[in-house]
Student: 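Just dropping this structure here.
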Amino acid sequence: MNKTMNDTLRWLPLEGNLRDRVSDVLKDIAEHFRDPNEVLQKSQNAKLKVDGLEVERWIGESLSSGYPGICLLIGQLDQLEPNAGWDLIGHQYLKEIQRKLEETGLRDLSLYGGLSGILLAIRSLSRNGTRYQSMIDQIATWMEELASQRVKELITHWEQSHLQMGDYDTIMGLSGIGRIVLSFYDRPGMRDVWHHIVTWFQLFCVPKSLGTEKIPGWHISSQNQFLAYEKDKYPNGNFNLGISHGISGPIALMSIAIINGVQSKELGDKVHELTHWLVNWKVEGDKGVYWPGKVSYEEWKHGSLNNENLLFPRDSWCYGVPGIARSIWLASQALQNNEWSRIALQAYMDMEARIENNGGMISATLCHGLAGWLQLIQRMYSDTGEPTLGLMRDRLVESVLDFYDPTSKFGYHDVNLIDGKLLNLDEAGLLNGAAGVAIVLASLLGNESPEWDQILLIR
């Protein structure tokens, strides 16, 4: 694997007046994150009821909504201003993570809730590997010990037709874990973990039986849908296309491995199989090229989408065109497939007409808001140098700045439509909070390609 690749990716930062405006807003947001104890106090009792379930919006040890995600932001700020003391602040956050690990004895391997995210958080503060090596080695060794057992459990799940999105996806499953494993591929133990992951993904692609039919192995049954209404909506299950919980995650992961020199015929075959399937479900509508977030079993069986599923979803990272088309782009680069490259780039160019209404989004956050879209546009712009993407990037920056609210707890709200009402939620974390918006803005000021957005499986 080419370890230096992460350092040589092209990056085209902001310039001129827009850069100055972003810098001013970022300085204000950053002040909210100087004290981990203050962040904790503002975040306590942050709960939300969704679909009858109570959701914790602050989990201290998680990358998505706790200290590790904020560490990624602090690491980015330290790169921008190495003499501003952000490294010392980052050290305080790491002490809080260490305390949480001692309390919980965390055995979760996942990227957004477990050890994978924590490992990347520590490295983000290590100043290019010159600090915290003992802590990194300890967490990495712990991961390596747990991973073999986890893959064996997943094989059993698959063989019993109990596949869940959290087995393979970016947020909780092997796609997210695998991305961090690739980042530490120089460790023999991580190379062993990677081989286990590849073995499982080969199984993941094997057709399985549903009654008398053979269906794609990544089918998710009704009982294993996340939300109650989805169990009713998909009585025979579905196929998830998104990059957060769907097959775009495995496509992206395996493509990134090939691009980085970790390749085999088996990997290439699986990337081709999954990407071909995904490309075939694209919609060419009056809003351009896009994909549905999910395909029902019935739609798969008949080979066409129903009218409801033909409607444009939204341009979010998690389920929208940006994440799905980016995974196709990565596959095209891995397998040198010009047709997929053309489709992915066209899907991005078509988004220009949707910027005026914010791509159907109502929040500035990373997962399902403008910041995630902005980061993916920035990646595609840096990769291709396409001038139209640069103009789109700048327009999205303007929109993100418009959402800035200096009266909020952390600088940005997470805006959600819940029970028919728009709610402004104050959240500190990376995935749905102000830290995610801030890290995108900070990245646009840096002159080097950032490492943190590997958590989105877009690089």
Side-chain angles (χ1 to χ4, degrees), residues 109-112 116 147 150-151 153-155 157-158 162-183 185 193-208 215-220 224 226 237-260 262-282 291-295 300 317-320 322-335 337 340 344 376 453-459:
L109 284 167
S110 71
L111 175 53
Y112 279 86
S116 295
R150 176 63 174 151
V151 175
E153 291 171 355
L154 292 178
I155 289 174
H157 276 186
W158 191 94
H162 294 324
L163 180 69
Q164 300 180 36
M165 284 174 274
D167 292 342
Y168 70 86
D169 72 0
T170 298
I171 302 294
M172 296 177 287
L174 287 185
S175 292
I177 295 167
R179 184 62 189 91
I180 305 307
V181 169
L182 284 177
S183 288
Y185 195 77
V193 172
W194 175 254
H195 294 314
H196 287 308
I197 290 173
V198 171
T199 298
W200 189 85
F201 273 129
Q202 287 176 283
L203 182 64
F204 172 75
C205 292
V206 173
K208 63 182 180 181
I215 62 173
W218 54 92
H219 170 266
I220 303 295
N224 287 333
F226 281 148
N238 63 23
F239 305 89
N240 195 305
L241 276 62
I243 199 168
S244 59
H245 295 299
I247 65 163
S248 291
I251 290 171
L253 173 66
M254 290 186 279
S255 298
I256 290 165
I258 294 170
I259 291 168
N260 279 269
V262 182
Q263 54 189 312
S264 66
K265 183 180 185 302
E266 290 77 17
L267 267 186
D269 289 346
K270 298 312 174 188
V271 169
H272 188 276
E273 179 181 344
L274 290 175
T275 309
H276 177 74
W277 189 94
L278 180 59
V279 166
N280 281 345
W281 287 104
K282 76 177 185 299
W291 283 261
K294 297 166 185 155
V295 172
W300 169 80
W317 163 74
C318 51
Y319 275 102
I324 294 172
R326 179 66 182 181
S327 73
I328 294 170
W329 172 265
L330 290 170
S332 77
Q333 303 306 295
L335 301 186
N337 187 307
W340 292 348
L376 273 82
D453 65 346
Q454 64 183 273
I455 66 169
L456 304 176
L457 262 72
I458 64 174
R459 61 172 293 279

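A quick note: this is a predicted structure, and the numbers were derived from the prediction, not measured.
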Student: Side chain of Ser255, backbone of Ala334: donor and acceptor closer than 3.5 Å?
Tutor: no

Student: Give a yes or no on whether the backbone of Arg459 and the side-chain of Arg179 come within a donor-acceptor separation of less than 3.5 Å.
Tutor: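 Present.
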
Student: So Ile220 and Leu163, side chain to side chain contact (heavy atoms under 4.5 Å, CB included) or not? Walk me through it.
Tutor: CA-CA 6 Å; Ile220 303 295; Leu163 180 69; 3.9 Å; yes

Student: Say whether, by atom type as modelled, one donor and one acceptor occur between the side chain of Lys208 and the main chain of His219 under 3.5 angstrom.
Tutor: yes

Student: Just wondering, do Leu241 and Pro292 contact through their side chains at under 4.5 Å, heavy atoms?
Tutor: yes

Student: Name the orientation class of the two ring planes belonging to Phe226 and His245 (parallel below 30°, tilted from 30 to 60°, perpendicular beyond 60°).
Tutor: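 Ring orientation, 0 to 90° scale: perpendicular.
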
Student: Assign the ring pair Trp317 / Tyr112 to parallel, tilted or perpendicular, where the plane angle (0 to 90°) is split at 30° and 60°.
Tutor: tilted

Student: Using side-chain heavy atoms (C-beta onward) and a distance below 4.5 Å, is Trp340 in contact with His272?
Tutor: yes

Student: Give a yes or no on whether the backbone of Leu456 and the side-chain of Asp453 come within a donor-acceptor separation of less than 3.5 Å.
Tutor: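 No, Asp453 side chain to Leu456 backbone: no donor-acceptor pair under 3.5 Å.
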
Student: Would the distance check show the side chain of Asn260 and the main-chain N or O of Val262 forming a donor-acceptor pair, the cut-off being under 3.5 Å?
Tutor: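 No, Asn260 side chain to Val262 backbone: no donor-acceptor pair under 3.5 Å.
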
Student: If the plane angle is over 60° it's perpendicular, under 30° parallel, otherwise tilted; pick one for Trp277 and Trp218.
Tutor: perpendicular

Student: Mind telling me whether Phe201 and Phe204 have parallel, tilted or perpendicular rings, with 30° and 60° as the class edges?
Tutor: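 Rings of Phe204 and Phe201: perpendicular, over 60°.
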
Student: Any idea which heavy atoms bring Asn224 and Met165 closest together, and the distance?
Tutor: O-CE, 3.9 Å

Student: Test your reading of the model: is there a side-chain donor-acceptor pair from Trp291 to the backbone of Leu278, 3.5 Å cut-off?
Tutor: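 At least one qualifying donor-acceptor pair exists.
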
Student: So do Leu253 and Leu457 actually touch side chain to side chain, heavy atoms under 4.5 Å?
Tutor: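 Contact flag for Leu457/Leu253 side chains = yes.
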
Student: Verify, without hydrogens or angle tests, whether Ser244 (side chain) and Cys318 (backbone) share a donor-acceptor contact under 3.5 angstrom.
Tutor: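 Flag set: sc Ser244 to bb Cys318 pair under 3.5 Å.
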
Student: Can you measure from CD1 (Ile328) to CG (Leu274) and round to the nearest 0.5 angstrom?
Tutor: 11.5 Å

